[in-house]
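For reference, the structure is listed below as structure tokens.
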Amino acid sequence: MRLYNLFVAGLGLAAGSFALTMPEQQRLQTLSGPVRTMDDWSWENCGLDTDPVEIESIEVFPDPPKPGEDLTVKVKGIAKEVVEEGAYADVTVKLGLVKLLQKTFDVCEEARNANASVQCPVEKGSYIVEQTVALPKEIPKAKFSVDVKGYTVEDIDLLCLKLKINFLKSPFPRLW
């Protein structure tokens with residue numbers, strides 16, 4: 001049950017275009033929203049521009065997430081095509097290189113079970129989905145990665161997200 005809750009939290013942090021910090025210098029880009037460092041969690045849209053679903057932003061409250069507290073996730077996205085019954089997601093949760101969970105989820109069934117505000121079939125358009133989950137206080141102090149690859153009922157790429165969640169407590173404050 002704890003792995004499922006961790007998955008839900010990770011997927012919620014996802015529920016996919018912030019670039020991970022790279023060692024080489026990058027050109028500055030204009031961002032539509034507040035700029036903040038992603039020390040405790042981050043997400044990356046690993047999909048293509050042609051994917052039927054594009055995640056524009058993911059916000060979490062509290063930020064950063066805390067074990068033992070409710071986590072509210074707000075995801076803004078665009079459905080460029082209709083998402084029909086039978087769409088699914090392959091989800092992998094890792095602790096370092098160790099695979100903790102690898103499972104396929106029926107996207108529409110999960111939305112029904114969570115009583116989500118968006119249900120299948122999902123018509124073309126912009127959506128904002130907000131969901132609250134309870135994070136178990138027993139979440140280990142560790143860094144987790146969650147990979148989500150979604151597919152249509154026809155097995156065509158739907159979306160791709162990479163999430164990183166750090167529940168480690170740093171004993172030293174960040175100086176830069």
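The residues of the chain are indexed from 1 along the displayed sequence.
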Looking at D49, I want to see if its CG is surrounded by more than 12 non-hydrogen atoms of other residues, nucleotides or ligands under 6.0 Å.
no
Hey, does [Y] have a side-chain heavy atom less than 4.5 Å from the side chain of [X]?
X    : Y    : answer
F144 : L163 : no
Y127 : V122 : yes
L135 : D70  : no
V75  : I55  : yes
V91  : K103 : no

Which pair of heavy atoms, one from [X] and one from [Y], lies closest together, and at what distance?
X    : Y    : value
K141 : L168 : O-CD2, 3.2 Å
E84  : V153 : OE1-CG1, 4.2 Å
C108 : G86  : SG-N, 4.3 Å
N45  : G47  : OD1-N, 2.9 Å
V129 : V118 : CG2-CG2, 3.5 Å
P62  : L71  : O-CD1, 4.1 Å

Among P140, P64, P65, which residue satisfies the side chain to side chain contact (heavy atoms under 4.5 Å, CB included) criterion with F167?
P65
Under a 3.5 Å distance rule, please check whether [X] uses its side chain to pair with a backbone N or O of [Y] as donor and acceptor.
X    : Y    : result
D157 : L159 : no
E54  : D51  : no
K162 : S145 : no

Start with the C-alpha gap between K74 and I128, add the side-chain angles, then the distance that decides, and say whether side-chain contact (heavy atoms from CB on, under 4.5 Å) holds.
CA-CA 7 Å; K74 183 177 179 182; I128 297 175; 3.7 Å; yes
If only side-chain N and O atoms count, and only distance matters, is there a donor-acceptor pair under 3.5 Å linking T104 with D90?
yes
hydrophobic_cluster_shared for V98 and I139, side chain cutoff 4.5 Å
yes
Hydrophobic cluster identity match, I78 and I58, side-chain contacts under 4.5 Å:
no
Check step by step if side-chain contact (heavy atoms from CB on, under 4.5 Å) holds for D40 and I165.
CA-CA 6 Å; D40 296 308; I165 309 154; over 6 Å; no
So salt bridge (charged side-chain N to carboxylate O under 4.0 Å, His left out) across residues 111-127, not counting sequence neighbours, yields E85-R112
Can you run down the side chain to side chain donor-acceptor pair (under 3.5 Å) pairs that involve residues 92-102, sequence neighbours left out, and say none if there aren't any?
K99-Q102
Qualifying ring pair (Phe, Tyr, Trp, His ring centres under 6.0 Å) pairs, either residue in residues 63-84, two or more places apart
none
